[in-house]
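Here the structure comes first, spelled out in structure tokens, and everything after it is commentary.
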Amino acid sequence: MDQPNLMSADEDDDGLSPYRTFPRDEWARLRADAPMTLTVDEVMRLQSLNDPISIDEVAAIYLPLSRLLSLYVAATQGLFKATQRFLLAEHQEKVPYIIGVAGSVAVGKSTTARVLKALLARWPNTPKVDLVTTDGFLLPNAELTRLGLMERKGFPESYDTGKLLHFLADIKAGKRNVKAPLYSHLVYDVVPGEETMVDRPDILIVEGLNVLQPARMPKDGTAIPFVSDFFDFSVYIDADEDDLHRWYVNRFLRLRHTAFRDPLSYFRRYAELREDEAINIADGLWNRINLVNLQENIVPTRQRASLILKKGPSHRIETVALRRL
Ligand SMILES: Nc1ncnc2c1ncn2[C@@H]1O[C@H](COP(=O)(O)OP(=O)(O)OP(=O)(O)O)[C@@H](O)[C@H]1O
Ligand SMILES: CC(C)(CO)[C@@H](O)C(=O)NCCC(=O)O
């Protein structure tokens with residue numbers, strides 16, 4: 001395969017952008033000779049409801065990205081060893097490489113995170129890849145209700161950010177069997193007593209709309225880290241507001257025939273609605289909660305990502321912007 005010419009990537013107009021932006025086709029060439037390691041069936045199993053992904057998308061976007069990440073992980077492992085030598089430290093196991101995945105509700109973060117997990121696990125230097133979502137770190141509904149925050153789910157104040165920071169600090173300290181709480185979209189709440197265990201993976205992917213948000217500034221001068229201080233790399237999945245709105249409403253309409261019919265579903269009462277009524281409910285949730293959160297707290301974090309994947313109206317990624325080192 002021809003060596004792609006990196007300099008042909010679109011330079012951003014004013015020359016000040018910290019990103020190098022690649023049209024889809026140019027990015028796809030950066031796969032170089034990386035072999036396709038997922039089958040069509042495997043890709044189909046990884047996609048979320050209402051977030052179509054094709055084998056072509058995996059080959060064009062995610063294979064090059066997984067190749068880049070595998071090079072970055074190897075380089076970071078080298079830096080870790082160099083630091084250990086400098087510190088004359090005893091031999092220490094390498095610590096997990098942490099990748100954040102951010103973006104709006106309904107943009108397809110979970111599909112991206114699952115595809116990356118599957119691809120990265122097939123590179124020889126990173127066989128063990130774990131995935132957690134920050135949904136588990138939401139305050140339980142009882143607590144949100146008490147604080148008057150049920151209409152603010154997903155906003156910064158709806159998370160136990162301290163717990164998330166301690167979780168990440170434990171992972172980066174090389175601790176074994178670190179526990180993360182779990183959230184159920186079906187019951188719309190954190191599941192008491194259920195947790196997932198993270199045991200020194202080579203890579204940990206942390207997915208959530210809040211992962212690039214700054215810490216609230218402490219008044220007493222103590223330093224509170226950002227969640228992203230623990231990340232080695234981060235991906236922001238971007239799409240136009242109108243597309244996100246449509247994807248959110250379509251997913252809601254489809255859930256009426258599936259998850260909402262489950263007796264445990266928090267949205268059980270919406271399963272029987274007529275389509276126009278359901279659209280009204282979904283529009284309301286989108287406009288009152290998720291859109292406001294997107295504009296106030298998510299989009300402003302986009303420029304902090306190492307990589308921005310921009311989706312078009314049919315979920316296809318159209319440009320890839322890679323932050324210059
Ligand atoms: N009310 C619901 N009932 C059951 N499952 C849901 C519900 N809402 C969302 N889901 C599923 O839960 C997953 C995560 O949804 P969430 O609202 O956190 O969006 P997200 O992670 O931003 O979505 P995406 O993965 O599309 O970016 C998706 O796979 C979605 O299909
Ligand atoms: C749990 C979050 C915040 C993020 O995944 C989101 O899916 C959510 O529930 N937002 C609140 C409004 C709504 O029900 O869509």
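The first residue of the sequence shown is numbered 1, and numbering continues consecutively from there. For the numbers below, each heavy atom of this structure counts, side chains included, while hydrogens, waters and symmetry mates do not. These numbers come from a predicted model, not from an experiment.
Between K117 and D130 there is no salt bridge, since no side-chain N of the basic residue sits under 4.0 Å from a carboxylate O of the acidic one. Note on D238 versus R302: salt bridge recorded, some NZ/NE/NH1/NH2 to OD/OE distance being below 4.0 Å. Between R29 and E26 there is no salt bridge, since none of the side-chain N atoms of the basic residue sits less than 4.0 Å from a carboxylate O of the acidic one. Salt bridge annotation for R176-D170: absent, with no cationic side-chain nitrogen under 4.0 angstrom from a carboxylate oxygen. A salt bridge is defined here as a Lys NZ or Arg NE, NH1 or NH2 lying under 4.0 Å from an Asp or Glu carboxylate O, and E318 with K311 fails to meet this definition. Classification of R316 and E57 as a salt-bridged pair fails, no side-chain N sitting under 4.0 Å from a carboxylate O. Salt bridge annotation for E42-R45: absent, with no cationic side-chain nitrogen under 4.0 angstrom from a carboxylate oxygen.
Counting only distance, with no hydrogens or angles, the side chain of R256 and the backbone of E272 share no donor-acceptor pair below 3.5 Å. When atom types are taken as modelled, the side chain of R122 and the backbone of T37 share a donor-acceptor pair closer than 3.5 angstrom.
Under the 6.0 Å cut-off for aromatic ring centres, Y270 and F252 qualify, their centroids lying closer than that. Annotation: F233 is not in aromatic contact with Y97 [ring centroid separation under 6.0 Å not met].
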- ring-ring contact (aromatic ring centres under 6.0 Å, His included) between F260 and F267, intermediate numbers included: CA-CA 5 Å; F260 292 177; F267 290 111; 5.1 Å; yes
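Judged by distance alone, the side chains of D135 and H185 do bring a donor and an acceptor atom under 3.5 Å apart.
The side-chain tip of K153 points at the ring of Y188 from less than 6.0 angstrom away and within 45° of straight on.
Around the NZ atom of K128, the shell of radius 6.0 Å holds more than 12 heavy atoms that belong to other residues, nucleotides or ligands.
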